[in-house]
Trainee: 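Take this structure, written in structure tokens, and hold onto it; I'll ask about it next.
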Amino acid sequence: MYTEIQSYRIFLDSGSQKNRSFTTINLFDTSDNIIGTVEFFEKEFQEIQPQDVDHVHIQYHISKFSFIVDILRNEKPLFVGYWTNKFGKYGRICTGKEPVGEGELSSSESQI
């Protein structure tokens, strides 16, 4: 199941607690409800069971942070989803369907 992301908030905390994410992004729907939490870790991490199961929890290595922020800033529509199958648990942030070769509009094209 996928839910559309309408807004996001980035948290950059400091500290030294083990197995804790200090870089987190909360994802929100149109009603400003949290629909996802994306956590970034610097080292190998252990899967942490989320405290509340109302929304998707996704974990990435910190090296993916700039890619995720770029997608959040530049793509629309965006969705977050989560599923389980015989191979494990999976979370995903994905774009909507886009035509091949669409490209980005230049400022002169967007004024037409």
Side-chain angles (χ1 to χ4, degrees):
M1 179 176 122
Y2 290 95
T3 305
E4 188 168 1
I5 301 167
Q6 294 296 315
S7 60
Y8 63 95
R9 179 177 293 143
I10 297 173
F11 298 91
L12 302 171
D13 297 338
S14 66
S16 61
Q17 185 179 352
K18 282 188 171 186
N19 290 327
R20 181 174 184 272
S21 170
F22 291 102
T23 305
T24 305
I25 302 174
N26 284 344
L27 308 172
F28 299 89
D29 64 12
T30 55
S31 300
D32 209 28
N33 297 313
I34 294 177
I35 55 172
T37 299
V38 184
E39 299 175 310
F40 298 86
F41 293 87
E42 289 189 29
K43 298 181 180 180
E44 292 295 321
F45 57 88
Q46 298 174 353
E47 183 177 343
I48 299 168
Q49 292 300 320
Q51 294 296 320
D52 78 43
V53 293
D54 295 23
H55 63 274
V56 176
H57 289 259
I58 302 174
Q59 298 173 337
Y60 289 107
H61 188 268
I62 192 67
S63 64
K64 304 293 185 197
F65 179 74
S66 62
F67 298 114
I68 300 299
V69 171
D70 182 61
I71 289 170
L72 290 169
R73 288 182 177 159
N74 295 303
E75 292 291 335
K76 189 170 184 175
L78 279 179
F79 301 89
V80 63
Y82 184 83
W83 70 97
T84 303
N85 65 24
K86 66 181 182 179
F87 300 108
K89 298 177 183 178
Y90 302 91
R92 174 182 287 166
I93 295 173
C94 64
T95 65
K97 230 175 167 178
E98 297 183 30
V100 173
E102 173 186 279
E104 298 298 328
L105 295 176
S106 68
S107 58
S108 62
E109 290 175 313
S110 63
Q111 295 174 354
I112 297 175

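Positions are given from 1 along the sequence. All values below come from the heavy atoms of this structure, side chains included, with hydrogens, waters and symmetry mates left out.
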Trainee: Output all residues satisfying ring pair (Phe, Tyr, Trp, His ring centres under 6.0 Å) with Phe65, sequence neighbours left out; order by chain, then residue number.
Mentor: Phe40

Trainee: Taking the hydrophobic residues Ile, Leu, Val, Met, Phe, Trp and Tyr, and joining any pair whose side-chain heavy atoms are under 4.5 Å apart, which ones share a cluster with Phe11?
Mentor: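 When side chains under 4.5 Å apart are linked, Phe11 ends up in no cluster with other residues.
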
Trainee: Which is it for Thr3 and Val56 under the side-chain contact (heavy atoms from CB on, under 4.5 Å) test, yes or no, and what are the steps along the way?
Mentor: CA-CA 10 Å; Thr3 305; Val56 176; over 6 Å; no

Trainee: Can you list everything that forms a side-chain hydrogen bond (donor to acceptor under 3.5 Å, both in side chains) with Asp32? Sequence neighbours excluded, please.
Mentor: none

Trainee: If you define the side chain from C-beta out and look only at heavy atoms, does anything of Leu72 sit under 4.5 Å from Leu78?
Mentor: yes

Trainee: Taking all non-hydrogen atoms of both residues into account, name the closest pair between Val38 and Ile93 and its distance.
Mentor: CG2-CD1, 3.9 Å

Trainee: Establish whether Ile62 and Tyr60 are linked, either directly or via other cluster members, by ILVMFWY side-chain heavy-atom contacts under 4.5 Å.
Mentor: yes

Trainee: Looking only at heavy atoms, which two atoms of Ile10 and Val69 are closest? And how far apart?
Mentor: CD1-CG2, 3.9 Å

Trainee: For the residue pair Arg92 and Tyr2, establish whether any side-chain heavy-atom pair is separated by less than 4.5 Å.
Mentor: yes

Trainee: The criterion is side-chain hydrogen bond (donor to acceptor under 3.5 Å, both in side chains); which residues satisfy it with Ser63, sequence neighbours excluded?
Mentor: His61

Trainee: Hydrophobic side-chain clustering at under 4.5 Å (ILVMFWY, transitive links): who's grouped with Ile34? Put none if nobody.
Mentor: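 Besides Ile34, the cluster holds Phe28.
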
Trainee: Excluding sequence neighbours, so at least two apart, what forms side-chain hydrogen bond (donor to acceptor under 3.5 Å, both in side chains) with Asn26?
Mentor: Thr37

